[in-house]
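Have a look at the structure below, then the notes.
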Amino acid sequence: MLKNNRLLRTVTEIIIVTVPLFLRALGAVAESGAVNYIFYAFSAIGAMWIAADTLSVKNYVSIFSLKKSSGMGTMSYVMAVGLFIDFVGSCISLALLFFSGGFVAGIAVFTKLFTAAFAFISTVYFITAGMTFSGSRYDFRYLKLLHLAPICWIAGKLLEMLVDAGITSADDISGMFEYIVLAFSMCFFYSLAREVENENGAKRSTVMLSFELAYFSMLYSYSRVIEIIRSDFEEVNFDALFIVTTVALSLFCFFFYRNIVSETNKTEN
């Protein structure tokens, strides 16, 4: 499917991205629950198409054949910036929690502290990834334990959501999609860590997860921005900085996917 029907693939990708964006905006303007359910359905269809398309390819090139890729290097640095912004947001929220007190606040302080610590370590991780993909002699694959940092950061974000109220209803679209983003992030970063020991081509599951994560990160950040605008910016707080992080995550994962596909196409031609 990589070589054949490339125009059809491109058109399909545009459709699965633009239609949910339109439905989300329509649902917000019309305040229609029915449109929101259609949005959920079409997002699920998009996710299934991504899975079918990426898993249909038998062999991908190795991820580390992308060394000396200025695009991947740049996106790794963008991801590092996004994680650092999340670190700053967590630190500010942590400082504010110290003034609230109480047992629940104590649990929240622990989760924020855990998340902030691994957001910072993950920032360092993606800086080393950027150096590797930019053609430096440095190779981040040798930092074995550092590959676990993004997984721990995601675990911290999940703990934060559990400490908070979590999803309140099916109309809580950003809450629903935040869970999905975090779940796919956990799977992707785990799969990426496994690729370090993989001397062959990239696993199909890794490529699939990168595109799925790019897709849902985009839908989450878009939905969150719409909700903030609808609330006349009353929902803006330091936790909203996670939007910037998910935008960076979406860009990194999409370029990751595109570079793998592009390099695979070159080897097939």
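Here, residue 1 is the first one in the sequence, and each next residue gets the next number.
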*Is it true that atom CZ of F84 has more than 12 heavy atoms of other residues, nucleotides or ligands lying nearer than 6.0 Å?*
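No, because the 6.0 Å sphere around CZ of F84 holds 12 heavy atoms or fewer from other groups.
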_Would you say OH of Y190 has more than 12 non-hydrogen atoms from neighbouring residues, nucleotides or ligands within 6.0 angstrom?_
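Atom OH in Y190 is not packed in, count stays at 12 or less.
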*Tell me, please, which residues at least two apart from A28 pass side chain to side chain contact (heavy atoms under 4.5 Å, CB included).*
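Per chain and number, A28 pairs via side chain to side chain contact (heavy atoms under 4.5 Å, CB included) with R24, I226, R230.
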*asked:* Going by side chain to side chain contact (heavy atoms under 4.5 Å, CB included), name the residues that satisfy it together with L145, two or more places apart in sequence or in a different chain.
replied: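 For L145 the side chain to side chain contact (heavy atoms under 4.5 Å, CB included) partners, ignoring immediate neighbours, are L148.
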*asked:* Tell me whether R258 is salt-bridged to E13, with the criterion being a basic N under 4.0 Å from an acidic carboxylate O.
replied: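 Salt bridge present between R258 and E13.
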*Pair E160 + K112, salt bridge at N-O below 4.0 Å*: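 Yes, this pair counts.
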*For Y222, what residues pass the ring pair (Phe, Tyr, Trp, His ring centres under 6.0 Å) criterion, not counting sequence neighbours?*
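Here no residue qualifies.
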Look only at the side chain of [X] and the backbone of [Y], and say whether a donor-acceptor pair between them is shorter than 3.5 Å.
{"X": "Y60", "Y": "T54", "value": "yes"}
{"X": "S134", "Y": "G73", "value": "no"}
{"X": "T115", "Y": "G156", "value": "yes"}
{"X": "S217", "Y": "V247", "value": "no"}
{"X": "S174", "Y": "R224", "value": "no"}
{"X": "N259", "Y": "F255", "value": "yes"}
{"X": "E195", "Y": "K203", "value": "yes"}

Could you check if a side-chain atom of [X] sits within less than 4.5 angstrom of a side-chain atom of [Y], using non-hydrogen atoms only?
{"X": "L113", "Y": "L94", "answer": "yes"}
{"X": "I154", "Y": "P150", "answer": "no"}
{"X": "D53", "Y": "M208", "answer": "no"}
{"X": "I16", "Y": "I45", "answer": "no"}
{"X": "F87", "Y": "S122", "answer": "no"}
{"X": "N36", "Y": "I173", "answer": "yes"}
{"X": "L21", "Y": "L219", "answer": "yes"}
{"X": "L83", "Y": "Y125", "answer": "no"}

_F22 vs F39, ring pair (Phe, Tyr, Trp, His ring centres under 6.0 Å): CA-CA, chis, key distance, verdict_ = CA-CA 9 Å; F22 170 76; F39 165 75; over 10 Å; no
Between [X] and [Y], which heavy-atom pair has the shortest distance, and what is it?
{"X": "C152", "Y": "F114", "answer": "O-CE2, 3.1 Å"}
{"X": "S250", "Y": "A214", "answer": "OG-O, 2.8 Å"}
{"X": "F188", "Y": "C253", "answer": "CE2-SG, 3.9 Å"}
{"X": "Y77", "Y": "G130", "answer": "OH-C, 3.4 Å"}
{"X": "L249", "Y": "M79", "answer": "CA-SD, 3.5 Å"}
{"X": "V207", "Y": "A202", "answer": "CG2-CB, 4.3 Å"}

Are [X] and [Y] close enough that their ring centers fall under 6.0 Å?
{"X": "F252", "Y": "F126", "answer": "yes"}
{"X": "F184", "Y": "F189", "answer": "no"}
{"X": "F216", "Y": "Y220", "answer": "no"}

[atom2] on [Y] to [atom1] on [X], rounded to 0.5 Å:
{"X": "Y215", "Y": "L209", "atom1": "OH", "atom2": "CG", "answer": "15.5 Å"}
{"X": "S185", "Y": "L192", "atom1": "OG", "atom2": "CG", "answer": "11.5 Å"}
{"X": "L158", "Y": "L182", "atom1": "CG", "atom2": "CG", "answer": "4.5 Å"}
{"X": "I85", "Y": "T123", "atom1": "CD1", "atom2": "OG1", "answer": "9.5 Å"}
{"X": "M72", "Y": "I260", "atom1": "CE", "atom2": "CD1", "answer": "7.5 Å"}
{"X": "S43", "Y": "I180", "atom1": "OG", "atom2": "CD1", "answer": "8.0 Å"}

_Side-chain H-bond candidate by donor/acceptor type, S191 with T206, under 3.5 Å_ =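 Yes, because at least one side-chain N or O of S191 sits under 3.5 Å from a partner of the opposite role on T206.
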*Check the pair T264, N59 against side chain to side chain contact (heavy atoms under 4.5 Å, CB included), reporting the backbone distance first and the verdict last.*
CA-CA 8 Å; T264 302; N59 297 296; over 6 Å; no
*List the steps and the verdict of side chain to side chain contact (heavy atoms under 4.5 Å, CB included) for L213 and F254.*
CA-CA 8 Å; L213 184 51; F254 182 73; over 6 Å; no
*Go through the steps to decide whether F42 and I15 satisfy the test side chain to side chain contact (heavy atoms under 4.5 Å, CB included), and finish with yes or no.*
CA-CA 10 Å; F42 206 95; I15 291 173; 4.1 Å; yes
*Group every Ile, Leu, Val, Met, Phe, Trp and Tyr by side-chain heavy-atom contacts under 4.5 Å, then state whether V29 and L26 land in the same group.*
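Per the 4.5 Å side-chain linkage, V29 and L26 are not co-clustered.
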*Can you hop from I50 to L55 via hydrophobic side chains spaced under 4.5 Å?*
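Linked, I50 and L55 end up in one cluster.
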_NZ or CZ of K157 within 45° of F242 ring axis and under 6.0 Å_ =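 Pair K157/F242 counts as cation-pi.
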